[in-house]
Protein chains: 2
Amino acid sequence: MISSISTNQIKYVLALEKTGSFSEAADLCFVTQSTLSIMIKKLENQCNLILFDRKSKPITLTKEGEELINQLKLIYQEFEVLQEIIQGTNQEFYGNLRIGIIPTLAPFLLPLFLNKLVTNYPNINFSIDEITTQEITKRIKTRELDIGILSLPIEDQELIQTSLFNESFLIYDASGTFSRNKKYKIKDIDVSRLWLLEESHCLSSQIEKICLLKKMDTSKHNLEFKSGSILSLLELVNMNKGLTLLPKLATLQKNLIKPSYIFNLVNPIPAREIGIITHPNFSKKRLLDILEIEIKKSVKPLLDKTKRIQLINPY
Amino acid sequence: MISSISTNQIKYVLALEKTGSFSEAADLCFVTQSTLSIMIKKLENQCNLILFDRKSKPITLTKEGEELINQLKLIYQEFEVLQEIIQGTNQEFYGNLRIGIIPTLAPFLLPLFLNKLVTNYPNINFSIDEITTQEITKRIKTRELDIGILSLPIEDQELIQTSLFNESFLIYDASGTFSRNKKYKIKDIDVSRLWLLEESHCLSSQIEKICLLKKMDTSKHNLEFKSGSILSLLELVNMNKGLTLLPKLATLQKNLIKPSYIFNLVNPIPAREIGIITHPNFSKKRLLDILEIEIKKSVKPLLDKTKRIQLINPY
DNA sequence: GGTTGATATTGAAGAAATCAATAGTTGTAT
DNA sequence: ATACAACTATTGATTTCTTCAATATCAACC
């Protein structure tokens, strides 16, 4: 008794029946002739029957083959109907999805999943705003945005918060004072050489928290710096041989970051919680599910699964 | 777009829909729960849809799942119909198949394929006669037998001859005069110590041919020996520290044969051609095909694929 | 008998399916 | 709340399947 058969196997049989030639059928199915030969033979074995008479040119069905071919065709047709249903169901996802995402996350997270979504859901118009936490929460409350991706938790209890993953912080050191062999803790950081983004970014307040500073005393730098871009921050840190803390995903940008400048923190590892917020009345629940799953899936292989982390609030 | 899906995947979905529980569905399908989880997830991925709501207890279909499930059921039903057709087609092979096979082959060849045939074709009554070439050809002509398995060619041109494989001859030496390191040719055989089966066996005349004797002069042995059984021949050879030639398949019987007694012949390797003969009016052509394929398949891994062989006629 | 045009086979590489064990989740009863 | 129970998800290892490129084999036609 046949245990399991795949639609590919059926496709191969139908192609061979149609063309009467192994090589042509193989071309039709975009596989090599050896693959087709082997798969036909495998199916014949599973059935305990010889379906094709290889001696005749063109190749024809045997008596047993004749008895099966119609049912195989039928199954394949029903499979094609299934495909149409799937296609149709996918197209039921339509409309606009307006996403707000914090700037310290956007350039590293979006490339991981956005393309797949845009491709799979051609009927959804995605719009992305790279804005701060404050701006995101404001716009979600006013329903200008559907979904916010940011560091959790937010103080506002009205909005729905869904956790996605924890992103640890790492040391980025352009000064050369850190060494590969040692384990660094938070207190090892020389606060006077630390550079941050402008205050409005949650990343800044988180780093301040990590380093146990009330407010960062930037007057120690002889340079006024206001930027929301991690790229600019890195330039600045490099130029001044300073240091900063970077979230994990940022450190994986091999074209921006010298891996030799990155040092892990331990005991515990400071981290931020990344998650999604929505308005309680947000209705595209299913779309949210998909977004959640896709983001989690895309990020997972990039994160280390450490236990000893300490989540830092963004406010 | 889904490229290929297997009936097992569908089975898993239907089981999960039916039971509302991953573990129960897994039991139903005789796989582990992890397998079922993974396969459901895989299908969901292929479809780009989430088919089951894991949060509800029992687990239920999502809206998208509902849209697919009926088509999945339909496909699976048609697959079950296919199985029935296959079953039915297999049962069309019925009736008697009377096989004659030479004694020097039967005990080594039959176990390789007979069981599979008997199992796969429960409606065929197989009957096996272990008889000599002469007897086989006689009975096929009189239609007492359907099929003969023996050493080809036979002189009788009326019967249909189909080749199966070539079986080489090896030296079986109980005297200890052969040594592992040397390559032996036919002329190295001391004819005076050679033992054979009784004359009626084609194996005897083939060995005589190999050793270039007109008729074996058995008077050199002080023992009259008449047996058709290779087992008895081996006993005799062991007892008298003699030697004989054995066909390849016989030498593979590890329980009968000391591997250290076996020596290869080279330049060229003498061999017999094993094949099937049938009466020209034999009608169960398809059955013959199956038999041919099964024997070839079962024997293939046991034979070495040498080029330099010399086929020895059995008459 | 060799040449041509086909199918079959082989050996290797990559992907998929499966399992046992374990981690993580959720709901319930303390 | 907290711990337990019941369930699903994940992991890492193993086996099996699928596929390909290259090659062997077969068959028909000169």
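- Considering only side-chain N and O atoms, A:N8 lies nowhere under 4.0 angstrom from the phosphate OP1 or OP2 of D:dC17.
- At a cut-off of 3.5 angstrom, the base of C:dA6 holds no donor-acceptor pair with the side chain of A:Q33.
- When the P atom of C:dT9 is taken as reference, atom CD of A:E44 falls 11 Å away, rounded to whole Å.
- OP1 or OP2 of C:dA17 has at least one side-chain nitrogen or oxygen of B:K42 nearer than 4.0 Å.
- The interatomic distance linking A:M39 (CE) with C:dT9 (C1') rounds to 16 Å, in whole Å.
- If you check the side chains of A:Q33 and A:S37, you find a donor sitting under 3.5 Å from an acceptor.
- Between the NZ atom of A:K296 and the P atom of C:dG24 there is a distance of 13 Å, rounded to whole Å.
- Side-chain N/O atoms of A:T35 include none lying less than 4.0 angstrom from OP1 or OP2 on D:dT19.
- Of the inter-residue distances, the one linking B:I277 atom CD1 with B:D146 atom CG reads 12.0 Å to the nearest 0.5 angstrom.
- The CZ-P distance, from A:F52 to C:dA6, rounds to 18 Å in whole Å.
- A residue-by-residue look at A:I38 and A:E24 shows that A:E24 has its nearest nucleotide of DNA chain C further toward the 5' end.
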Give the C-alpha distance, both sets of side-chain angles, the deciding distance and a yes or no for side-chain contact (heavy atoms from CB on, under 4.5 Å) between A:L61 and A:D53. CA-CA 6 Å; A:L61 290 165; A:D53 177 8; over 6 Å; no

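- Between A:K41 and C:dT7 there is no side-chain polar atom (N or O) within less than 4.0 angstrom of OP1 or OP2.
- Each of A:Y12 and B:S23 was assigned the nucleotide of DNA chain D with the nearest heavy atom; the assignment lying further toward the 5' end belongs to B:S23.
- No hydrogens or angles were tested; on distance alone, a donor-acceptor pair under 3.5 Å links the side chain of B:S34 to the base of C:dA20.
- Here the P atom of nucleotide C:dA16 and the CD1 atom of B:I5 are 15 Å apart, to the nearest Å.
- With hydrogens and angles disregarded, no donor-acceptor distance shorter than 3.5 Å links the side chain of B:Q9 to the backbone of B:M39.
- Between A:L36 atom CG and D:dT19 atom P there is a gap of 10 Å when expressed in whole angstrom units.
- When rounded to the nearest whole Å, the span between NZ of B:K55 and P of C:dG27 equals 10 Å.
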